[in-house]
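The structure appears below as structure tokens.
Within every chain, numbering begins at 1; the chains are lettered A, B, ... in the order of the sequence lines, protein sequences first and strands thereafter. As the structure is a prediction and not an experimental result, all values here were calculated from the model.
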Amino acid sequence: MPELPEVETLRRQLNEIIVGGTIICTRVLDQRIGNIDGLSKRKVMSVERHGKRLKIVLDGDIEVLFHLRMTGRLYWSADNELQPPHLRFVMTFSSGRLFLIDPRRFATVSVRARENQCLAGRDAWMRWDPAVLEDASRGRKRPVKSFLMDQDVIAGIGNIYACEILFRAGIHPCRKACDVSQAQWSRIAESMTAVLSEAVSCRGTTFSDWRDLFGNKGEYQNRVHVYGRKDQACRHCGSTIQRTAIGGRGTFFCPHCQAL
DNA sequence: CCCTATGTTCCCAA
DNA sequence: CTTGGGAACATAGG
């Protein structure tokens with residue numbers, strides 16, 4: 001269930017392995033994926049990421065776009081016999097095979113011409129001018145947490161990192177986006193960079209499903225301050241971490257460090 | 001049986 | 001137009 005740091009981890013690992021390689025063939029094992037044609041003999045030019053989307057850029061200005069949604073995984077195998085459960089798509093190289101595995105079958109794969117840029121929001125893992133966030137939030141009465149998770153505004157932040165970013169910034173997740181002050185947007189901008197950078201360094205957060213390209217867990221679960229910590233003591237002030245729901249998603253916060 | 005789940009999209013109602 | 005809620009997608013785990 002990858003968010004930006006998990007997808008970035010996969011991008012880095014794939015970049016080391018498949019750039020310069022040539023696709024021998026592809027195979028779709030789940031018709032829900034749809035037809036993926038015309039990739040054989042194409043060379044991998046680069047592996048890129050935008051928000052939670054991963055792009056394998058091929059020669060001929062074609063790109064393969066992956067979105068892993070909730071339970072999608074990418075796994076690299078040099079074993080020619082291996083066929084794991086829930087295997088949905090395979091991309092074969094001379095050096096090994098790239099698997100898309102997904103029990104819930106929500107993940108998507110598509111092929112398109114390289115240039116058409118998606119209209120989605122700017123990537124979360126870059127320097128954000130607080131004024132841009134403030135402008136975008138003007139008149140928005142929705143909770144600031146929903147605002148941070150809106151992929152059309154900021155691409156890449158999901159439920160775990162939204163909770164962690166707001167904790168670091170000291171802002172209650174239920175606060176209306178339009179009521180967040182200029183100083184608070186500055187703290188949010190700083191927290192986005194800091195939290196996402198640390199999570200990328202940790203190769204993501206493994207509470208249950210997340211594994212990297214080689215099946216390894218991430219480490220950021222050992223560093224979270226609020227996510228999944230209901231009824232535990234806040235690492236800063238000792239208050240009891242609370243859980244509520246925003247947009248149907250579990251939302252964790254410290255009532256003292258993140259006063260409304 | 002119940003509830004929850006790191007995502008997205010769609011419909012409906014206020 | 002904005003927003004939230006609920007359902008849908010399909011499955012595993014506590």
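B:dC1 and C:dC9: their C1' atoms are spaced 23 Å apart (whole Å). For the P atom pair drawn from B:dC3 and C:dG6, the interatomic distance equals 13 Å after rounding to whole Å.
Using a 4.0 Å cut-off, some side-chain N or O of A:Y227 falls inside it from OP1 or OP2 of B:dT6.
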(request) Applying salt bridge (Lys or Arg N to Asp or Glu O under 4.0 Å), run through A:E190 and A:R187 and close with a yes or a no. (result) CA-CA 5 Å; A:E190 187 278 334; A:R187 290 216 299 279; over 6 Å; no
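Salt bridge A:R12/A:E16: absent, no basic N to carboxylate O contact under 4.0 Å.
Spacing between atom CH2 of A:W210 and atom P of B:dA5 amounts to 20 Å, rounded to whole angstrom units. Atom CZ in A:F147 sits about 17 Å away from atom C1' in C:dG4, given to the nearest Å.
With B:dG7, B:dT6, C:dT2 as the choices, the nucleotide that has an atom nearest any side-chain atom of A:R140 turns out to be C:dT2. Comparing B:dT6, B:dT4, C:dT11 against the side chain of A:R105 picks out C:dT11 as the nearest. Of the candidate nucleotides B:dT6, C:dA12, B:dT8, B:dT8 has the atom lying nearest to any side-chain atom of A:R69.
In summary, the side chains of A:T240 and A:D231 do not present any donor paired with an acceptor at a separation below 3.5 Å, with no hydrogens or angles considered.
Applying the 5.5 angstrom centroid cut-off and the 30 degree plane-angle cut-off, the aromatic ring of A:F106 is stacked upon the base of B:dG7.
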